[in-house]
Amino acid sequence: MYVIDVDDPSRNTPLGCRTVTTQMALPLASWDETRVQMPHTTISGWAFDPDRPGEAVQVHVYLDTGTAALWTGDLRPDVHAAHPAAGDSAGWSLTAYLESGLHRACVWSSTRTTRGGTPHWAAGTSRWG
């Protein structure tokens, strides 16, 4: 870093160099509930990216062999109270039709990065039937 002398560029004053370490935070998320009221199942929770406060986060729900991608946007004042950076719309939910029997669900939330990757956070797996 330099202080620039606008009158005489040959007299710029060097201030030195410093090393700075930065790190992107992982998204925070929770799978809060699986509610079965046959023939429908509702899975819900919340997610947010501390690096992008208040922005929607994509959530992927894998239900048996099907996949659904949705975005946060449901009101969750409890999450906002605990994590102000989440905003008040960090919730998500999915309702699906399921036949009676044993089912497997997995939930992931994903976030955009400036490094080109898409880190994922595994919210968990549940089996019921």
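Everything numeric in this text was worked out from a predicted model, so none of it was measured.
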Q. Can any side-chain N or O of Thr72 pair as donor or acceptor with the backbone N or O of Val57 at less than 3.5 Å?
A. yes

Q) Taking all atoms of both residues into account, what is the closest heavy-atom pair of Trp92 and Trp46, and its distance? A) NE1-N, 3.1 Å

Q | From Leu98 atom CG to Leu63 atom CG, the distance as rounded to the nearest 0.5 Å | A | 5.0 Å

**Q.** Exercise: identify the closest heavy-atom pair between Glu99 and Met38
**A.** C-CE, 3.6 Å

(Q) Could you check whether any side-chain heavy atom of Asp64 comes within less than 4.5 Å of a side-chain heavy atom of Arg104, counting everything from C-beta outward? (A) yes

(Q) Between His83 and Leu28, is the side chain to side chain contact (heavy atoms under 4.5 Å, CB included) condition met? List the steps. (A) CA-CA 10 Å; His83 305 281; Leu28 298 176; 4.2 Å; yes

Q.
Could you go through Arg76 and Asp32, starting from their C-alpha distance and side-chain angles, then the distance that decides it, and tell me whether this counts as side chain to side chain contact (heavy atoms under 4.5 Å, CB included)?
A. CA-CA 12 Å; Arg76 287 296 302 262; Asp32 292 343; 2.9 Å; yes

Q.
Tell me whether the rings of His40 and Tyr97 are parallel (<30°), tilted (30 to 60°) or perpendicular (>60°).
A. perpendicular

(Q) For Glu33, is the CD atom crowded, meaning more than 12 foreign heavy atoms sit under 6.0 Å from it? (A) yes

Q: Quick one: pull up CD1 in Ile4 and CG in Asn12 and give me the separation to the nearest 0.5 Å.
A: 4.0 Å

